[in-house]
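The structure's right below; bear with me while I get my questions together.
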Amino acid sequence: MIRTYIFSILVVTAGCTDLKPLEARVEDLQQQVTKLQADIAKSASNAATANKTTAASASAASSDAKQALSIAESNTAAIDKVNAKIDQMFRKRPAE
């Protein structure tokens, strides 16, 4: 019975000394998980900011494109009117 008691004490003592490295590893893993969670949150925030910036840039580009198209259509109409006047002028020849 004494042998069993001593053996139990040795096993418990050996088990305790083996747990310390595991506890240290668990603590290290917890720190890594915490850091990764912070990194993920930061990345998500950066992605959201990039999405907002991209959307704003796209909206501005779309507005600029619409304005350029409007100007081009206006210029085309003006050119067509000038060409029509030139054609009309050459059709009317003075009577000889």
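Only heavy atoms go into these numbers, but all of them, side chains included; no hydrogens, no water, no symmetry mates.
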According to a hydrophobic-cluster definition based on side-chain heavy atoms being under 4.5 Å apart (Ile, Leu, Val, Met, Phe, Trp, Tyr only), do Ile71 and Ile79 belong together?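 Ile71 and Ile79: separate clusters.
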
Has the side chain of Ser70 got a donor or acceptor atom that lies under 3.5 Å from a matching backbone atom of Lys66?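 A pair under 3.5 Å: no.
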
Judged by atom type as modelled, is there a donor-acceptor pair below 3.5 Å linking the side chain of Thr54 to the main-chain atoms of Ala50?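 Checking the backbone N and O of Ala50 against the side chain of Thr54, a donor-acceptor pair under 3.5 Å is found.
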
Using 0.5 Å steps for rounding, measure from the CD1 atom of Ile40 to the NZ atom of Lys35.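 Nearest 0.5 Å value for the CD1-NZ distance: 10.5 Å.
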
Among all residues two or more places apart in sequence or in another chain, which pass the salt bridge (Lys or Arg N to Asp or Glu O under 4.0 Å) test with Lys52?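 For Lys52, no residue satisfies salt bridge (Lys or Arg N to Asp or Glu O under 4.0 Å) once neighbours in sequence are set aside.
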
Whether the side chain of Ser63 engages the backbone of Ser59 through a donor-acceptor N/O pair (distance < 3.5 Å, no angle test) should be reported.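 Side chain of Ser63 to backbone of Ser59, a donor-acceptor pair under 3.5 Å: no, none is there.
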
Nearest 0.5 angstrom please: Asn51 CG to Asn46 CG, how far?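 Interatomic distance, Asn51 CG to Asn46 CG, rounded to 0.5 Å: 11.0 Å.
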
Please round to the nearest 0.5 Å and tell me the distance separating atom NZ of Lys42 and atom CD of Gln37.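 It is 16.0 Å, given to the nearest 0.5 Å.
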
Side chain to side chain contact (heavy atoms under 4.5 Å, CB included) between Thr76 and Glu73, intermediate numbers included: CA-CA 5 Å; Thr76 300; Glu73 288 173 345; 5.6 Å; no

What distance separates Asp87 CG from Met89 CE, expressed to the nearest 0.5 Å?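 Atom-to-atom, Asp87:CG and Met89:CE are 10.0 Å apart.
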
Counting only heavy atoms not in Gln32 (residues, nucleotides, ligands), do more than 12 fall under 6.0 Å from its CD?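 Check passes, neighbour count above 12.
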
Is the shortest heavy-atom distance from the side chain of Glu23 to the side chain of Glu27 under 4.5 Å?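 They are not in side-chain contact.
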
Are the side chain of Ser43 and the backbone of Asp39 linked by a donor-acceptor contact shorter than 3.5 Å?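 At least one qualifying donor-acceptor pair exists.
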
